[in-house]
4 protein chains.
Amino acid sequence: MATVTRRIGAESSATRAAMLGAAEALMRDEGYAAVSTRKVATRAGLKPSLVHYYFPTTDDLLIAMFRRGADQSDAMLEAALSAPDPLRALWDFFADTSRTALTLEFMALANHRKTLRSFMVEHSEQMRERQVELLSRLPALADSPFADCPPAGLSLLLAGIGRALVMEGGMGVVGGHAEARAFVEQWLERLRG
Amino acid sequence: MATVTRRIGAESSATRAAMLGAAEALMRDEGYAAVSTRKVATRAGLKPSLVHYYFPTTDDLLIAMFRRGADQSDAMLEAALSAPDPLRALWDFFADTSRTALTLEFMALANHRKTLRSFMVEHSEQMRERQVELLSRLPALADSPFADCPPAGLSLLLAGIGRALVMEGGMGVVGGHAEARAFVEQWLERLRG
Amino acid sequence: MATVTRRIGAESSATRAAMLGAAEALMRDEGYAAVSTRKVATRAGLKPSLVHYYFPTTDDLLIAMFRRGADQSDAMLEAALSAPDPLRALWDFFADTSRTALTLEFMALANHRKTLRSFMVEHSEQMRERQVELLSRLPALADSPFADCPPAGLSLLLAGIGRALVMEGGMGVVGGHAEARAFVEQWLERLRG
Amino acid sequence: MATVTRRIGAESSATRAAMLGAAEALMRDEGYAAVSTRKVATRAGLKPSLVHYYFPTTDDLLIAMFRRGADQSDAMLEAALSAPDPLRALWDFFADTSRTALTLEFMALANHRKTLRSFMVEHSEQMRERQVELLSRLPALADSPFADCPPAGLSLLLAGIGRALVMEGGMGVVGGHAEARAFVEQWLERLRG
DNA sequence: AATGAATGAGATTTCATTCAT
DNA sequence: CATGAATGAAATCTCATTCAT
């Protein structure tokens with residue numbers, strides 16, 4: 001720890017954290033296209049030049065943002081793995097509004113930011129594998145209609161349904177939401193180990 | 001309906017169609033932030049001023065783009081309603097790759113384009129209602145594990161799963177895809193009828 | 001003439017001419033690196049945006065500058081061809097301070113502006129050919145010590161000596177200038193046809 | 001001479017040499033405008049701050065670069081003075097490609113770097129004087145058509161012709177080059193002492 | 001119905017320089 | 001010796017929009 005080489009904008013820097021926080025808030029509130037040097041600086045109460053000092057290119061900033069979010073997701077997933085009711089914890093993870101809105105923005109961004117896309121794909125695959133571990137440990141699934149679906153497929157189903165609820169909900173679409181949510185809750189209850 | 005205001009640049013104009021086509025290609029290839037007066041004009045081989053002539057503001061252009069896509073989706077959905085196997089037709093609609101990249105961009109856009117968002121919400125709700133009609137007509141569902149889930153909820157589930165397959169697939173994520181797809185296919189087969 | 005398609009920033013535009021004039025003055029006074037949107041606009045009393053309207057990229061501006069200068073050079077060379085004493089006219093052309101300072105800047109620029117370089121090479125070759133025509137018509141050369149040197153070589157010698165006088169003179173170097181100039185003048189006198 | 005002020009970053013420093021080398025490579029490859037603190041540091045694998053430590057201002061760096069190049073030129077010229085065929089050695093010096101790209105950049109730079117310009121003028125005058133010494137020792141010149149031209153003038157002629165060959169050659173201009181070169185070679189041969 | 005001209009704003013990036021340690 | 005942090009300025013380019021014709 002003492003001999004770590006200090007790089008520009010060390011992870012520990014409070015300034016750096018402020019920028020990432022501001023960038024995240026901007027992306028959440030106004031969409032990915034709003035993450036610009038100027039706006040990030042203004043929101044963080046800093047000078048635009050300083051943002052470029054820490055993140056020379058916009059790609060650098062976006063990748064750092066993604067990494068920070070990915071770390072948070074990883075931590076939540078790890079917590080779910082050792083939770084008393086892992087399936088519910090996983091579902092809560094998928095249905096979490098705060099992270100999923102950002103995920104959507106990053107997915108839209110991935111279309112035209114190659115470096116970012118490769119990070120995202122790699123992380124998605126890793127998360128899916130971790131979810132497979134979680135789902136494989138649930139004996140109750142064997143007696144359910146989902147017995148036919150391997151854990152990896154189940155992970156995708158839950159992710160898709162959760163994302164749909166969050167994305168549509170964020171926009172203001174309500175039709176079918178209560179019903180879908182109740183249906184999932186019902187199965188979570190039945191499958192509780 | 002009879003009092004429709006005549007707008008500049010009639011819907012039938014070939015020039016107008018060329019612009020919308022160019023804008024759609026741009027959004028698909030480079031993301032929503034690339035849909036600008038200049039780029040649309042360049043891509044369509046027209047002058048930037050002409051784009052403003054047809055679409056005074058960027059919002060006007062985006063709304064027209066959304067409307068055109070929505071009309072296509074509506075047509076596909078209507079076709080599904082009278083298809084021999086409506087459930088499969090609905091699923092094919094959800095799993096269709098051609099529209100999904102654009103849908104994602106529009107969802108990201110909706111974050112900071114209020115007028116666009118209201119159009120999108122309204123259209124989503126209308127589509128869900130039409131899907132409810134479709135799903136309500138399927139007696140086979142009563143014997144399935146989805147009997148507990150009202151049609152509106154089922155519509156959301158299928159939409160979410162389909163979107164997840166297309167969105168992740170478009171990025172290059174593959175884990176769990178074959179499994180999830182097989183699981184859905186299996187149920188489509190069982191519920192045919 | 002009447003049916004010429006008007007392009008952005010038609011050659012006839014006074015605004016365009018003002019920009020090119022300002023850019024030329026800047027390059028002469030402060031070097032090629034001083035030719036920037038802002039400085040050109042300020043010097044011409046116009047807005048920076050307008051410069052980009054006429055010359056979308058800096059390369060476009062530099063190429064237009066070069067073309068204008070090349071046209072002037074061409075005209076001067078044509079005049080020399082029909083001058084009473086063509087050799088002296090050619091030498092005056094080479095020793096002309098106003099053009100040669102710019103030529104130097106463009107040569108330095110050519111190092112890292114590929115498109116510009118190809119224009120310059122092509123133009124240089126054309127000018128040399130025209131000078132060969134001029135020099136081939138001088139019978140007096142046959143009796144001189146330069147009889148051994150073909151016209152193309154002579155063109156290069158004169159160009160190099162003229163450029164050296166102008167370049168060094170512009171910087172403030174004086175050693176050998178009077179002597180070299182006198183030597184050339186002496187031969188011009190002797191070779192006068 | 002005995003009271004030379006000790007400056008930061010001794011001339012002998014390897015770090016300093018690395019910076020000057022990087023700066024020279026940059027100027028050669030991308031033009032004088034590319035010689036910036038950052039780029040020099042990056043190219044030398046050092047931190048930008050360190051460049052400022054050694055060369056407080058950009059002028060300091062450019063002057064050091066010029067001095068280093070001037071020292072090399074001086075050494076070449078001294079070698080020519082004691083060469084078996086001094087005239088040919090002088091010509092080889094003028095026609096040497098390695099230094100000329102940089103010379104051109106420095107000449108363009110001199111336009112707006114006053115301190116640099118005075119260094120360059122002083123050095124040019126010194127070099128010309130040294131060349132005069134060399135040329136004064138050649139008795140063969142007396143029988144040539146260049147007898148009328150004092151050594152200082154001859155120095156300028158040769159310098160200009162050599163520079164023209166190198167500069168144009170570097171750009172890709174070829175017309176007249178073989179002819180001019182052959183003509184000079186012929187005279188070098190005739191005047192060989 | 002169409003277009004050229006003009007403009008203010010802002011995005012991205014690079015820069016030289018200063019300062020504290 | 002050496003470096004990280006910070007900053008104001010400027011360069012390049014793109015944009016939406018307005019206006020006059």
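Naming: A, B, ... by sequence-line order, numbering from 1 per chain. In this text the structure is predicted, and so the values were computed from the model without any measurement.
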Looking at every heavy atom in both [X] and [Y], which two are closest together, and how far apart are they?
X	Y	result
A:Ala108	B:Glu105	O-OE2, 3.4 Å
C:Val40	C:Ala22	O-CB, 3.7 Å
D:Lys47	D:Ala41	C-CB, 3.6 Å
A:Ala110	A:Met120	CB-SD, 3.8 Å

To the nearest angstrom, how far is [X] atom [atom1] from [N] atom [atom2]?
X	N	atom1	atom2	value
D:Arg16	F:dA2	CZ	C1'	17 Å
B:Phe55	F:dT17	CZ	C1'	16 Å
C:Arg43	F:dA10	CZ	C1'	18 Å
C:Asp60	F:dT14	CG	C1'	14 Å
B:Asp59	F:dT17	CG	P	8 Å
D:Leu26	E:dT14	CG	P	14 Å
B:His52	E:dA2	NE2	P	16 Å
D:Glu30	E:dT14	CD	P	12 Å

- For B:Val35, which contact category applies under a 4.0 Å heavy-atom criterion: base, sugar-phosphate, or nothing?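 If one applies the 4.0 Å heavy-atom cut-off, B:Val35 turns out to touch the sugar-phosphate alone, with no base involved.
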Of the listed nucleotides [options], the one nearest the side chain of [X]:
X	options	result
B:Leu50	E:dA2, E:dG4, E:dA11	E:dA2
D:Thr58	F:dG4, F:dT14, E:dT17	E:dT17
C:Arg38	F:dG8, F:dA11, F:dA6	F:dA11

- Dot-bracket for DNA chain E, 5' to 3', counting Watson-Crick or G-U wobble pairs under 3.5 Å, with [ ] for crossing pairs and | for inter-strand pairs? .||||||||||||||||||||
- Any donor-acceptor N/O pair under 3.5 Å between E:dA2 base and B:Tyr53 side chain: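 No, the side chain and the base share no sub-3.5 Å donor-acceptor pair.
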- Item | N/O (side chain, A:Lys47) to phosphate O (OP1/OP2, F:dG8) under 4.0 Å |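 Looking at the OP1 and OP2 atoms of F:dG8, one of them is under 4.0 Å from a side-chain N or O of A:Lys47.
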- Query: F:dG4 phosphate, OP1 or OP2: any side-chain N/O from A:Tyr54 under 4.0 angstrom?
  - Reply: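 No, outside the criterion.
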- Message: Return whichever of A:Leu46 or B:Ser36 has its heavy-atom-nearest nucleotide of DNA chain F closer to the 5' end.
- Response: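 Closest to the 5' end, via its nearest nucleotide, is A:Leu46.
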- Query: For C:Ser49 and A:Thr37, take the nucleotide of DNA chain E holding the closest heavy atom to each; which residue's nucleotide lies nearer the 5' end?
  - Reply: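 This one resolves to C:Ser49.
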- Task: Report yes or no: does C:Arg28 contribute a side-chain atom to a donor-acceptor pair with the main-chain N or O of C:Ser98 at less than 3.5 Å?
- Result: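 The answer is yes, because a donor-acceptor pair under 3.5 Å joins these two groups.
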- Short N-O contact, C:Asp29 and C:Arg43, less than 4.0 angstrom: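 Here C:Asp29 pairs with C:Arg43 in a salt bridge, since their nearest N and O are under 4.0 Å apart.
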- Inspect the contact between A:Lys114 and A:Asp59 and indicate whether a charged nitrogen and a carboxylate oxygen are less than 4.0 angstrom apart.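 Salt bridge absent between A:Asp59 and A:Lys114.
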